[in-house]
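First up is the structure itself, then whatever we jot down about it.
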Amino acid sequence: MTDHPENRLKDSASPYLRSAAHQPIDWHEWGDAAFARAKSEDKPILLDIGAVWCHWCHVIDRESYENAEIAKIINEHFVAVKVDRDERPDVDSRYQSAISSISGQGGWPLTGFLLSDGKPFFGGTYFPPEDQMGRPGFRRILLAVADSYRNKRAELERAANSLADAVSQAEVFSGARADFDLGVVNSQIKSITQLFDIKNGGFGRAPKFPHSSAIDLILERYQQTKEKHLLAMAETTLEKMARGGVYDQLAGGFHRYSVDERWLVPHFEKMSYDNSELLKNYLHGWQVTQSPFLRETAEGIIGWVNEVLSDEENGGFYASQDADYSLDDDGDYFTWSLDELRSGLLPEEARIMELCYDVEAHGEMHHNPAKNVLWIARDAVDIAKQLGLDGTFVRLTLAKSKGKMLAARLPRPTPFIDKTMYVSWNAMFVCAYLEASRTLIDDRIGGECRSFALKTLDRMLKEVWTESRGFGHRIGGPALEGSLDDQVFSVLALLDAYETTLDPRYFSAAQKTMDLAIARYGDAEGGGFFDRPSDAAPMGGLDVRRKPFQDSPTPSANSVAAIALIRMHAFTGDDRYHAFAKKTLEAFAGIAPQYGLFAATYGLAATLFAHHPIQVVITGLANDSAAQALEAAAHRAFRFGKSVLRVTPQTPQLHLAGALKETLPHLPIGKALAVVCSGQTCFPPTSDPAQLIALLENGIVSAATS
């Protein structure tokens, strides 16, 4: 219990902000009241940006913000503002840019010191409470900043104004415009290849992040060129990640990233946006390789999401699951000591699982050396050979023992699940689940994914979409203005839903949302899109117009917008969409090559723009097995941006443009046929599933250029 009343964060909709309600600091949420108070009291603003899933955010909370002496300094000299980066990505992105240019690093917690108008003049990330290892402590920094604000104001104001101007220039990418050149993809593929870790998979060194768009870009380029090293890069990366500790070997789902090069020891939080994009990667990897292991990993992600991140009754995907259940814990829920493993298994089962997951007396966790991260060190064949056992027996034992271990894990104190539902992240998962429904077309899981995705999308349309403003940012709770991400990811979800169902209301909503995005977020002169609408409320002294371009941590909203525009043009033939897609790609064409791996979504958009989306129409009666075989074949082949439309004599009028619009009326709709088109080119209809797969996979379609 505390000896002071709860602060004003107690009524916040954000679980991260509510978790600070007991702190002895007079916190404000981001808004006009905080700025007005800072001006009236002539105080600087202390800005804390974090997230409920962020371990070091909770560390600084406990060490400093719950410290009565430090709180007294803050309350006396500052107006304190706490921001949830998931709730306000627009605030976070701007101050990340500013503070990282001051300190050379970004991330969470982000600690900023601002003038009363919101312009930053100093900051960093985590600060220890007292001087430590040559680093100044938070207490000393607070007092020094307060002194500078009183006695060196003019100097701080010059620094803040200069910084705000620099951030403004950087964020709108002035001078980045160039003519569109598909050669950018070649340079990106070269850069990604150079960063590839041949031994461990993935790109670059520790810490290692998945880079989902890069994996899709490699797979799409492989489908065009059949260069074997590209497939080896993608397959090695997917397999190494899925065998590593960065994947939850018992329950499924991926942790946020690996602290080492081998994907063994993760940061244990699990994010919605990572798992949606990785689900697509594993589905695409399975399409290209037919590897059962990649398919099993995809199904493992779905199983975990269904169990942990889903509002099963109403539709919707939750935001995240924390890494830890307390500050004294570091992944204890997910890790195992040798004694813990043996206590729930028979001796022979334990020996098999110890070999499988490399569980030993001394594990990988520094805070608790007895704890092991589970990773696949040996498969069933290796274990059977080492122990002299039958391979089938080992496989069955692995499956049974895995279930026992999961059951033994469930009673442990469980990391917090943030049940906030953000629109952009929900749209990403709608796309991923609809991809699963098409890719796992003969599977019960696919049907369940389809149903839940459509339920979620229907909820989004009902609760957070309006014809005048498009999508908001959060499902449930107080309304939040939507961002560019919320609009463009939702357009892709609506188009995917239309392709899946041919329900025209999804297409209508997609087109209206795309048009709103162009009108409210688009830069008609310079090309591309700003992350906030043109009529958004002012947001303090760093109210710069920002065009998000880098894939970090989600795919770039401008690149996603270009993909959405290209797909809208393919369906409508409306040249407005083609022209704005071209202008968006040109807005970043001058800098895209230097971003390489971190602009892989731009590479996907550029590829789609140059080669046109592939559209496949399957005709035939509703229950025609030959048509069903063609549909399954069309879904089996991975091509980025491909759409498959299943039409019958009862199908209402389709939204079609280009060669497909001219071709379809001449086809016998009651006969099982597949026709493949791209832009102004259609290939002869086929009734042979193998021929259809060959047409989609052997690169012929990619020869169609703009």
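Fair warning: this is a prediction, and the values are worked out from it, not measured in the lab. One is the number of the first residue; the rest follow in order along the sequence.
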Indicate the atoms forming the closest heavy-atom contact of [X] with [Y], along with that distance.
X	Y	value
Ala432	Ser276	CB-O, 3.4 Å
Ile99	Gly112	CD1-CA, 4.0 Å
Thr439	Gln287	CG2-CG, 3.6 Å
Ala606	Val185	CB-CG2, 3.9 Å
Ser534	Arg545	CA-NH2, 3.7 Å
Leu230	Ile218	O-CG2, 3.0 Å

Quick check for you: to the nearest 0.5 Å, what is the distance between [X] atom [atom1] and [Y] atom [atom2]?
X	Y	atom1	atom2	result
Asn200	Glu261	CG	CD	6.5 Å
Asn275	Met428	CG	CE	10.5 Å
Leu585	Ser559	CG	OG	7.5 Å
Gln96	Ile49	CD	CD1	6.5 Å
Ile192	Met233	CD1	CE	6.5 Å
Leu115	Phe113	CG	CZ	12.5 Å

Parallel, tilted or perpendicular: ring planes of [X] versus [Y], cut at 30 and 60 degrees:
X	Y	result
Phe571	Tyr498	perpendicular
Phe588	Tyr602	perpendicular
Tyr595	Phe173	perpendicular
Phe317	Phe429	parallel

Would you find a donor on one side and an acceptor on the other, under 3.5 Å apart, between the side chain of [X] and the backbone of [Y]?
X	Y	result
Asp197	Phe203	no
Glu435	Leu283	no
Thr237	Gly202	yes
Thr584	Phe580	yes
Ser101	Ala98	yes
Lys280	Ser213	no
Lys642	Pro613	no
Gln223	Phe638	yes
Arg532	Ala537	yes
Ser191	Gly596	no

query: Which of these, Asp485, Val423, Asn426, sits in a side-chain contact (heavy atoms from CB on, under 4.5 Å) with Phe471?
result: Val423
message: Leu516 vs Arg469, test: side chain to side chain contact (heavy atoms under 4.5 Å, CB included). Steps then yes/no.
response: CA-CA 7 Å; Leu516 280 169; Arg469 302 190 73 78; 5.9 Å; no
field: Set of residues satisfying side chain to side chain contact (heavy atoms under 4.5 Å, CB included) with respect to Gln680, sequence neighbours excluded
entry: none
- line: With sequence neighbours left out, the residues meeting side chain to side chain contact (heavy atoms under 4.5 Å, CB included) with Lys240 are Thr236, Trp263
Does [X] reach the side chain of [Y], with side-chain heavy atoms less than 4.5 Å apart?
X	Y	value
Asp496	Arg438	yes
Tyr422	Phe489	no
Trp108	Arg85	yes
Tyr577	Asp515	yes
Leu480	Glu87	yes
Trp286	Asn281	no
Pro266	Val259	no
Asp90	Met539	yes

- prompt: Do Asp165 and Ser168 have side-chain N/O donor and acceptor atoms under 3.5 Å apart?
  reply: no
message: Looking at Arg576, I'd like to know if its CZ atom is crowded, meaning that more than 12 non-hydrogen atoms belonging to other residues, nucleotides or ligands lie closer than 6.0 Å.
response: yes
field: Crowding at CZ, Arg256 (>12 non-hydrogen neighbours, <6.0 Å)
entry: yes
- request: Mind running side chain to side chain contact (heavy atoms under 4.5 Å, CB included) on Leu156 and Phe122 for me, showing each step along the way?
  value: CA-CA 9 Å; Leu156 294 186; Phe122 181 66; over 6 Å; no
field: Glu481 with Arg474: basic N within carboxylate O range, under 4.0 Å
entry: no
query: Under the side chain to side chain contact (heavy atoms under 4.5 Å, CB included) criterion, do Tyr95 and Leu542 qualify, and how do the steps go?
result: CA-CA 8 Å; Tyr95 285 94; Leu542 209 57; 3.7 Å; yes
- request: From the options Lys226, Glu220, Glu227, select the one residue that forms a side chain to side chain donor-acceptor pair (under 3.5 Å) with Gln224.
  value: Glu220
query: Quick one: which of Tyr273, Trp425, Trp53 gives a side chain to side chain donor-acceptor pair (under 3.5 Å) with Asp86?
result: Trp53
query: When you look at Lys119 and Asp117, which way does the salt bridge (Lys or Arg N to Asp or Glu O under 4.0 Å) test go after all the steps?
result: CA-CA 6 Å; Lys119 290 191 180 82; Asp117 65 1; 3.2 Å; yes
field: Chi angles and distances behind the salt bridge (Lys or Arg N to Asp or Glu O under 4.0 Å) call for Asp531, Arg94
entry: CA-CA 11 Å; Asp531 65 338; Arg94 284 159 174 78; 2.8 Å; yes
- prompt: Would the Tyr521 and Phe530 ring centres measure less than 6.0 Å apart?
  reply: no
message: Just checking Tyr222 against His229, ring centres under 6.0 Å apart?
response: no
CA sep, side-chain torsions, deciding dist, call: Phe640, His284, ring-ring contact (aromatic ring centres under 6.0 Å, His included): CA-CA 9 Å; Phe640 182 78; His284 298 158; 7.6 Å; no
query: Given the rule in the side chain to side chain donor-acceptor pair (under 3.5 Å) test, do Ser258 and Asp260 qualify, once you have shown the distances and angles that lead to the verdict?
result: CA-CA 5 Å; Ser258 173; Asp260 60 89; 3.3 Å; yes
